[in-house]
Amino acid sequence: MLKNVLASIGIGGMKVDTLVDQPEIEAGGRLSGVVTIKGGDVPQRIDAIVLELMTRCIVEARNDQKVHAEIEVAAARAAADIEVAPKQELELPFDMDVPVFAPLSVGPTKTALRTRLDVPQAIDPRDSDAVRILPNAAMRSVFQGMEMAGFRIAEVEVEHNPRHAPPFTQEFDFKPSSVRDWGVEEVEIAFRPGAGGGMDVLVTVDRRGGLFSFGGERGYRFKVPPKGVEPSDVAAAVRQAIGR
């Protein structure tokens, strides 16, 4: 009876450790690895092993206030209904899809893989491992095109939007690197799902106001196929958006 009580309050319980095969993965790729479980001093049951890909982002709280919080980008189950004997060691492989529009690990954006064991009537053992989400081929061509057009990333922000799919938007703010664009405050881009498996690139040009001109924002959109485009084509589209 005493051992059962100890298990229920998490004393002498099991431990979990997750090792990913590749801590850097492209958006739209597949994350794989092994979950290692070490039994404690008493037998315990695991209802489920849950893997959650989490990212910190801006969410809307009460009174329209915006705060930083963790959101779930993707989730998977590695196993369920497991009996773990005292001191027993288990290794369970897993793999999970990383969404194409998962927030990229750029600037302050951080992502982690959280492993949680659902243990009845006990403190759930947890583990967390940093994961870097890299741009895929289509996104890389856009970033290269922005650089070719004369802009550099200055700020990155992820905002939760549960009314859209995917339920978050990552915005990349670019500043001009040349005086020829002195009239441009910034160019903001965001990736959204497009037709045929590609993506739409939403471009917002924020212009400065001057003595003989009005400031303000203008939107523009262009499509990128899954394999990407020539960076020079992206640069031309951005220059067109600026000149409109």
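Just the heavy atoms: all of them, side chains too, but no hydrogens, waters or symmetry mates, feed the values below.
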Sequence neighbours left out, cut at 3.5 Å: what donor-acceptor pairs do the side chains of residues 189-201 make with other protein atoms?
from, atom 1, to, atom 2, distance (Å)
Arg192, NH1, Phe168, O, 3.3
Arg192, NH1, Thr169, OG1, 3.0
Asp200, OD1, Lys223, NZ, 3.0
Asp200, OD2, Arg221, NH1, 3.1

Would you say that more than 12 heavy atoms from the other residues, nucleotides or ligands in this model lie under 6.0 Å from the CD of Glu147, or not? no
Show your reasoning for whether side chain to side chain contact (heavy atoms under 4.5 Å, CB included) applies to Leu51 and Leu113. CA-CA 7 Å; Leu51 298 160; Leu113 180 65; 4.2 Å; yes
On a heavy-atom basis, which atom in Gly228 and which in Ser141 lie closest, and how many Å separate them? CA-OG, 3.7 Å
Answer yes or no: is there a side-chain heavy-atom contact under 4.5 Å between Leu92 and Val34? no
If I compare all heavy atoms of Ala237 with all of Tyr220, which pair ends up nearest, and what's the gap? O-CE2, 3.7 Å
Are the side chains of Asn161 and Pro167 in contact, using a 4.5 Å heavy-atom criterion? no
Against Val106, only a single residue in Leu134, Ile133, Val156 fulfils side chain to side chain contact (heavy atoms under 4.5 Å, CB included); can you say which? Val156
Which pair of heavy atoms, one from Thr111 and one from Ser105, lies closest together, and at what distance? OG1-OG, 4.4 Å
Do Ile46 and Met14 come close enough that some side-chain heavy atom pair is under 4.5 Å? yes
Do Val234 and Leu202 land in one hydrophobic cluster if side-chain heavy atoms of ILVMFWY residues count as linked below 4.5 Å? no
Hydrophobic clusters here meaning ILVMFWY residues chained together by side-chain heavy-atom distances under 4.5 Å, can you tell me if Val84 and Val50 are in one? no
Does a side-chain heavy-atom distance below 4.5 Å link Glu72 with Thr55? no
How long is the gap from CD1 on Ile82 to CG on Asp118, to the nearest 0.5 Å? 11.5 Å
Closest approach of Pro226 and Ala137, non-hydrogen atoms and distance? O-CB, 4.4 Å
Looking at every heavy atom in both Ala102 and Val73, which two are closest together, and how far apart are they? CB-CG1, 3.7 Å
Could you measure the distance from the CD atom of Gln44 to the CD atom of Gln88? Nearest 0.5 Å is fine. 12.0 Å
Set out, in order, the CA-CA distance, both residues' side-chain angles and the distance that settles side chain to side chain contact (heavy atoms under 4.5 Å, CB included) for Val203 and Arg218, then state yes or no. CA-CA 8 Å; Val203 182; Arg218 289 185 180 180; over 6 Å; no
Once you round to the nearest 0.5 Å, how far does NZ of Lys227 lie from CG of Asn136? 13.5 Å
If we only count heavy atoms from C-beta on, is the Phe151 to Phe172 side-chain gap below 4.5 Å? no
Just wondering, do Pro43 and Pro86 contact through their side chains at under 4.5 Å, heavy atoms? yes
Should the heavy atoms of other residues, nucleotides or ligands under 6.0 Å from NZ of Lys175 be counted, would the total exceed 12? yes
Could you check whether any side-chain heavy atom of Val142 comes within less than 4.5 Å of a side-chain heavy atom of Val224, counting everything from C-beta outward? yes
Rounded to the nearest 0.5 Å, what separation is found between the CD atom of Glu230 and the CD atom of Gln144? 9.5 Å
Stepwise side chain to side chain contact (heavy atoms under 4.5 Å, CB included) check, Ser232 with Met148: CA-CA 7 Å; Ser232 57; Met148 189 176 294; 3.9 Å; yes
Quick one, Ile242 and Arg207 - any side-chain contact, counting heavy atoms below 4.5 Å? yes
Suppose we screen for salt bridge (charged side-chain N to carboxylate O under 4.0 Å, His left out). Which residues come up paired with Glu188, at least two apart in sequence or across chains? none
Could you state whether Val16 and Met96 fall into the same hydrophobic cluster, counting links through intermediate Ile, Leu, Val, Met, Phe, Trp or Tyr residues with side-chain heavy atoms under 4.5 angstrom apart? yes
Atom CD in Gln170, atom CE in Met139: separation rounded to 0.5 Å? 8.0 Å
Decide salt bridge (Lys or Arg N to Asp or Glu O under 4.0 Å) for Arg114 and Asp129; before the verdict, give the C-alpha distance in whole Å, the side-chain angles of both, and the deciding distance to 0.1 Å. CA-CA 7 Å; Arg114 186 169 65 193; Asp129 301 87; over 6 Å; no
Considering non-hydrogen atoms only, spot the tightest contact between Asp127 and Thr18 and give its length. OD2-N, 2.8 Å
Can you list, pair by pair, the side-chain donor-acceptor contacts under 3.5 Å of residues 19-26, counting residues two or more places apart and other chains?
from, atom 1, to, atom 2, distance (Å)
Asp21, OD2, Ser32, OG, 2.7
Glu24, OE2, Arg132, NE, 3.3
Glu26, OE2, Arg140, NH1, 2.9

Do the side chains of Leu117 and Leu90 join up, straight or via other hydrophobic residues, at under 4.5 Å, putting them in one cluster? yes
Between atom OG of Ser177 and atom CE of Met146, what is the distance when rounded to the nearest 0.5 Å? 10.0 Å
Could you go through the side chain to side chain contact (heavy atoms under 4.5 Å, CB included) check for Ile49 and Thr115 one step at a time? CA-CA 7 Å; Ile49 301 174; Thr115 307; 4.1 Å; yes
Assigning hydrophobic clusters by single linkage (Ile, Leu, Val, Met, Phe, Trp, Tyr; side-chain heavy-atom cutoff under 4.5 Å), is Val158 placed with Met54? no
Arg45 atom CZ: more than 12 heavy-atom contacts under 6.0 Å: yes
